[in-house]
Amino acid sequence: MVDALGVAVVGFGWMGRVHTQAYARVLHHFPQLTVRPELVAVAEEVPGRAEEAAARYGFASATRDWREVAADPRVRAVSVTAPNFLHREIGVAMAEAGKHLWIEKPVGLTADDARAVADAVARAGVQGTVGFNYRNAPAVEAARELIASGEIGAVTHVRIRLFSDYAAHPDGALTWRYERERGGSGVLGDLASHGADLARFLLGDITALTADTAIFLPERARPTGATAGHTLATGGELGPVENEDYVSCLLRFASGARGVLEACRVSVGEQNNYGFEVHGTRGAVSWDFRRMNELAVSRGTTYQDQPVSTVYVGPGAGEFGAFQPGAANAMGYDDLKVIEAYRFLRSIAEGTPYGATLADAVRSAAVLDAMVRSAQSGTWVDVPAS
């Protein structure tokens, strides 16, 4: 028997749409689920946007006030896809209202914000899932298993990159993303949060780091109306960009491995160039998001001049088999969010966490906070254990 589960989406920009579509698709790919998501409510403060979402996707009700969602007894689970500065307030309120929570990273602006939401989820006894979608790629899960098996030996070092051009245009509007109070630490929260999670997912806890940050486009034009995504704006009053365009970071892991994490939102010529290269004493494994279903793997006993093979992941890797019947059939970004929805709903159905949790969000945020402190001080900084 499949039970209906009332779900809501708070914040309906691009990511709100992605969550909604994941709810709509999840039972197609995971028919074994014992809960069926029903789109009960959507909240978005931009006039008309919630009503448009309801008409397009079939939400039963629409509102501009997310507090109405928290008070709605029909809603048992909520996706929080609102801007970062609202994550703490909305996340805590939804948990206290007894709603299961699927919340986008970085879960607020600081580790304190993420911890507040995590504590509220724990007190309420509800399930909490965080949108670290790149760890859901079957190839990434296969890489993690390969590393843990010792096939590439003891890990010595890793390089993680997250380069994008979404903020590269000089006419990009000065939205909340570029303000310290509402957008937090800029590219650290947007992209480096994924990098910190991937680093921990693959290699374990980060214990210390040193970081450098920069703002390369110091001024942008203020928008004259509502914005969505990365809107261009010309002719408006110029204002300062307050948070980071770029971060580079050296990492030390509890295992003794070393790492480099680099992220930039103004990389002209780079579109979602995300990936990692992990090196060990007997081999290496690397992944590129743009070739999401492939791994480059070197393993053996020759060490010097050891060849690298391309491995196409298939149904034995992660949740690949829920989407495609054989290796080298492509999956895409939205499929990763369907996997995330599945693990969220499974957590609710079984009362056991699956996938990325609020604890993972706290650990990622602690790494980001350490990056900020290190960039300010110019020194190595310890990453506190959660």
Student: Between D113, V107, L109, which is the residue that forms a side-chain contact (heavy atoms from CB on, under 4.5 Å) with R88?
Tutor: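 Exactly one pass, corresponding to D113.
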Student: Does the side chain of D190 come within less than 4.5 Å of N84's, by heavy atoms?
Tutor: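 The answer is yes, as the side chains (C-beta and beyond) meet within the 4.5 Å cut-off.
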Student: Checking R299 side chain against V285 main chain: does a donor-acceptor pair fall under 3.5 Å?
Tutor: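 Not confirmed, R299 side chain does not pair with V285 backbone.
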Student: Taking the side chain from S364 and the backbone from S193, do they hold a donor-acceptor pair closer than 3.5 Å?
Tutor: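 Here the side-chain-to-backbone pair exists.
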Student: Could you tell me whether E89 and R67 make a salt bridge, using a distance below 4.0 angstrom between a side-chain N and a carboxylate O?
Tutor: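 Looking at E89 and R67, the cut-off is met.
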Student: Please identify which of these residues, L191, N272, V266, meets the side-chain contact (heavy atoms from CB on, under 4.5 Å) condition with Y166.
Tutor: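 The residue from L191, N272, V266 that satisfies side-chain contact (heavy atoms from CB on, under 4.5 Å) with Y166 turns out to be L191.
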Student: Give a yes-or-no answer on whether the side chains of T310 and R291 include a donor-acceptor pair shorter than 3.5 Å.
Tutor: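 No.
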Student: How are the rings of Y246 and F216 set to each other: parallel, tilted or perpendicular (split at 30° and 60°)?
Tutor: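 Rings of Y246 and F216: tilted, 30 to 60°.
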Student: Taking atom types as modelled, find out whether N136 and E340 have a side-chain donor-acceptor pair closer than 3.5 angstrom.
Tutor: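 Yes, side-chain donor-acceptor contact under 3.5 Å.
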Student: For residues N243 and R265, determine if any side-chain heavy atom of one lies less than 4.5 Å from a side-chain heavy atom of the other.
Tutor: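 Yes, at least one pair of side-chain atoms sits under 4.5 Å.
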Student: For the pair R25 and D334, find out whether any cationic side-chain nitrogen is under 4.0 Å from an anionic carboxylate oxygen.
Tutor: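 Salt bridge flag = no for D334 with R25.
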Student: So does F276 get a backbone contact from the side chain of S286, meaning a donor-acceptor N/O pair under 3.5 Å?
Tutor: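 Absent.
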Student: I'd like to know if K105 and D197 make a salt bridge, using a cut-off of under 4.0 Å between side-chain N and carboxylate O.
Tutor: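 No.
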Student: Identify which one of W102, Y57, F59 satisfies the ring pair (Phe, Tyr, Trp, His ring centres under 6.0 Å) criterion when paired with Y23.
Tutor: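 When W102, Y57, F59 are each tested with Y23, the ring pair (Phe, Tyr, Trp, His ring centres under 6.0 Å) holds only for W102.
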Student: Between the side chains of D382 and R373, is the shortest nitrogen-to-carboxylate-oxygen separation below 4.0 Å, so that they form an ion pair?
Tutor: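 Judged by the 4.0 Å cut-off on N to carboxylate O distance, R373 and D382 do not form a salt bridge.
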Student: Does E96 come within less than 4.0 Å of R123, counting only side-chain N to carboxylate O?
Tutor: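 Salt bridge: yes.
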Student: In terms of side-chain geometry, is the basic nitrogen of D112 or R115 positioned less than 4.0 Å from the acidic oxygen of its partner?
Tutor: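 Yes.
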Student: Got R76 and K99 here, is their nearest side-chain heavy-atom distance under 4.5 Å?
Tutor: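 R76 vs K99: side chains apart.
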Student: Charged N to carboxylate O below 4.0 Å: is that the case for D3 and R36?
Tutor: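 Here D3 does not pair with R36 in a salt bridge, since their nearest N and O are not under 4.0 Å apart.
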Student: Compare all side-chain heavy atoms of E350 with those of V35 and state whether any distance is below 4.5 angstrom.
Tutor: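 They are not in contact (no side-chain heavy atoms under 4.5 Å apart), so the answer is no.
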Student: Sequence neighbours left out, cut at 3.5 Å: what donor-acceptor pairs do the side chains of residues 317-331 make with other protein atoms?
Tutor:
residue : atom : partner : partner atom : Å
E319    : OE2  : R343    : NH2          : 3.3
Q324    : NE2  : A330    : O            : 3.1
N329    : ND2  : G326    : O            : 2.8

Student: Side chain to side chain contact (heavy atoms under 4.5 Å, CB included) for R290 and N273? Distances and angles first, verdict last.
Tutor: CA-CA 7 Å; R290 298 164 300 177; N273 182 358; 3.1 Å; yes
Student: Please determine if R220 forms a cation-pi arrangement with Y178, meaning its NZ or CZ atom is less than 6.0 Å from the six-membered ring centre and no more than 45° off the ring axis.
Tutor: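 Here R220 passes the 6.0 Å and 45° test against Y178.
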Student: Decide yes or no for R200 and D360: does some side-chain heavy atom of the first lie under 4.5 Å from some side-chain heavy atom of the second?
Tutor: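 Side chain of R200 against side chain of D360, heavy atoms only: contact under 4.5 Å found.
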Student: Mind checking who shares a hydrophobic cluster with L250, ILVMFWY linked at side-chain heavy-atom distances under 4.5 Å?
Tutor: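 L250 clusters with V260, W380.
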Student: Kindly indicate whether the side chain of F289, heavy atoms from C-beta on, has any atom under 4.5 Å from the side chain of L162.
Tutor: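 No - every pair of side-chain heavy atoms lies 4.5 Å or more apart.
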Student: Kindly indicate, with the supporting measurements, whether the criterion side chain to side chain contact (heavy atoms under 4.5 Å, CB included) is fulfilled by K337 and M15.
Tutor: CA-CA 10 Å; K337 303 307 277 192; M15 188 54 68; 3.9 Å; yes
Student: Apply the test side chain to side chain contact (heavy atoms under 4.5 Å, CB included) to residues M292 and Y333: give CA-CA distance (whole Å), side-chain angles for both, the deciding distance (0.1 Å), then the verdict.
Tutor: CA-CA 9 Å; M292 193 176 80; Y333 175 89; 5.8 Å; no
